[in-house]
Amino acid sequence: MQVFNNIQDLKPILSQKKEQGHTLGFVPTMGALHQGHLSLIQQAHKENDDVIVTIFVNPTQFDNSLDFEKYPRIVEADLILLSNFEKKILVYLPQLKDIYPNGITSKHFDFGGIENEMEGKFRTGHFDGVGTVLKSFFDLLQPTNAYFGEKDFQQLQIVKKLAALEKLPVNIIGCPIFREPSGLAMSSRNKRLRDEQLQEAAILFKLLSTVKNDFGTKNAKELTQWVEKELKKSKIVTLEYFEIADENTLKPIVNIEKNKKYRAFIAVFVGEVRLIDNIALN
Ligand code: AMP
């Protein structure tokens, strides 16, 4: 593992590898690494000569300052996990000024409307922040392949749009959701949950699995009402949104069309911690 704290030190190493014809796999993270992140890194490992992992809690993608302040930051533990990989990993912990040389602000992007659905509705400016930080990373690192989890499915679609819009020479690769034995999707934010909250949060995957099972026999309205009713019973988990949407447009389903793919998406609060999850339905 080689750790870089600024772009000046990293640039010559990346240029050297490029000259040698190496492919570079890029896994952007906000740290507090878990098995979900590691699964992305493993895939990047298999498919590239070199892998770069970034750890950066990006201020511009947080619409809620409390969420930003309380986001778990445990870089030392992260580095121990990253040092266990067989091949050497490049780890980049950027300075704010590497990413935001002209001040901490977002650019505005037009992602064709998908930025206004779901997460975009509930987290103002979130995808402008995501687009800004990733455009900056892609420009600095020039990776061959970049890996993103389906856990943040809307983000994955946004990044694909970003790469197309900006004509970036990078392949965007989606990776499956890694879950706890309870079914709860792994998330850095889970570290903020107490035991009782963690147990109750497993309801998300149970609800999504039932929705997947009933999709096609019950319509979207019935399924949505059922999810709302089930979550009203919980004193610990509060629903923010549940939606069944077209995977490509991310617009709510109207009627099931044969050649389209659909997913169910959910966002909840467990105490002050916000969790999201989703499942492919067909
Ligand atoms: P984050 O550190 O939360 O920004 O996540 C960094 C990357 O890891 C993103 O592409 C996430 O979608 C992905 N990721 C986070 N949790 C999981 C998970 N449970 N399974 C698969 N990928 C994940």
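All ligand and atom numbering here is 1-based and tracks the order in the structure.
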Determine the interplanar angle of the Phe148 and Phe138 rings, folded into 0 to 90°, and report it as parallel if under 30°, tilted if 30 to 60°, perpendicular if over 60°. perpendicular

Counting heavy atoms only, name the option from Glu180, Glu150, His37, Gln155 that's nearest to atom 5 (O) of ligand 1. His37

Please determine if Glu115 and Lys161 form a salt bridge, counting it only when a charged side-chain N lies under 4.0 Å from a carboxylate O. no

Does atom NZ of Lys121 have more than 12 heavy-atom neighbours, drawn from other residues, nucleotides or ligands, at distances under 6.0 Å? yes

Step through the shown structure and confirm whether more than 12 heavy atoms of other residues, nucleotides or ligands are within 6.0 Å of CZ on Arg194. no

Suppose we measure from [atom] to each protein heavy atom; which comes out shortest, and what is that distance?
| atom | value |
| --- | --- |
| atom 23 (C) of ligand 1 | Lys151 CB, 3.9 Å |
| atom 7 (C) of ligand 1 | Pro28 O, 3.7 Å |
| atom 3 (O) of ligand 1 | Tyr71 OH, 3.7 Å |
| atom 10 (O) of ligand 1 | Gly149 N, 2.9 Å |
| atom 15 (C) of ligand 1 | His34 CE1, 4.0 Å |
| atom 12 (O) of ligand 1 | Asp152 OD2, 2.6 Å |
| atom 4 (O) of ligand 1 | Met30 CG, 3.6 Å |
| atom 21 (C) of ligand 1 | Pro176 O, 3.3 Å |

Side-chain donor or acceptor of [X] paired with backbone N/O of [Y] under 3.5 Å:
| X | Y | value |
| --- | --- | --- |
| Asp98 | Pro94 | no |
| Asp78 | Ala32 | yes |
| Tyr241 | Phe122 | no |

Is there a heavy atom in Arg189 that sits closer than 4.0 Å to ligand 1? no

contact_flag Phe153 ligand 1 heavy-atom lt 4.0 Å: no

Numbered atoms of ligand 1 (with element) below 4.0 Å of [X], judged on heavy atoms:
| X | result |
| --- | --- |
| Thr29 | 2 (O), 6 (C) |
| Phe148 | 10 (O) |
| Met186 | 16 (N), 17 (C), 18 (C), 19 (N) |

Among residues at least two apart in sequence or on other chains, which ones pass side chain to side chain donor-acceptor pair (under 3.5 Å) with Gln154? none

Polar contact flag for [X] and ligand 1 (N/O pairs, less than 3.5 Å):
| X | answer |
| --- | --- |
| Phe178 | yes |
| Ile177 | no |
| Ser187 | no |
| Cys175 | no |

Any luck finding a side-chain donor-acceptor pair between Asp50 and His22 under 3.5 Å? yes

Taking heavy atoms and a distance under 4.0 Å, where does Leu40 meet ligand 1: side chain, backbone, both or neither? side chain

Just checking, Arg192 and Phe269: is the charged tip under 6.0 Å from the six-membered ring centre and within 45° of the axis? no

Lys/Arg cation over aromatic Tyr71: Arg189, 6.0 Å, 45° cone: no

Residues which pass side-chain contact (heavy atoms from CB on, under 4.5 Å) with Pro252, listed by chain and number, not counting sequence neighbours: Glu117, Glu243

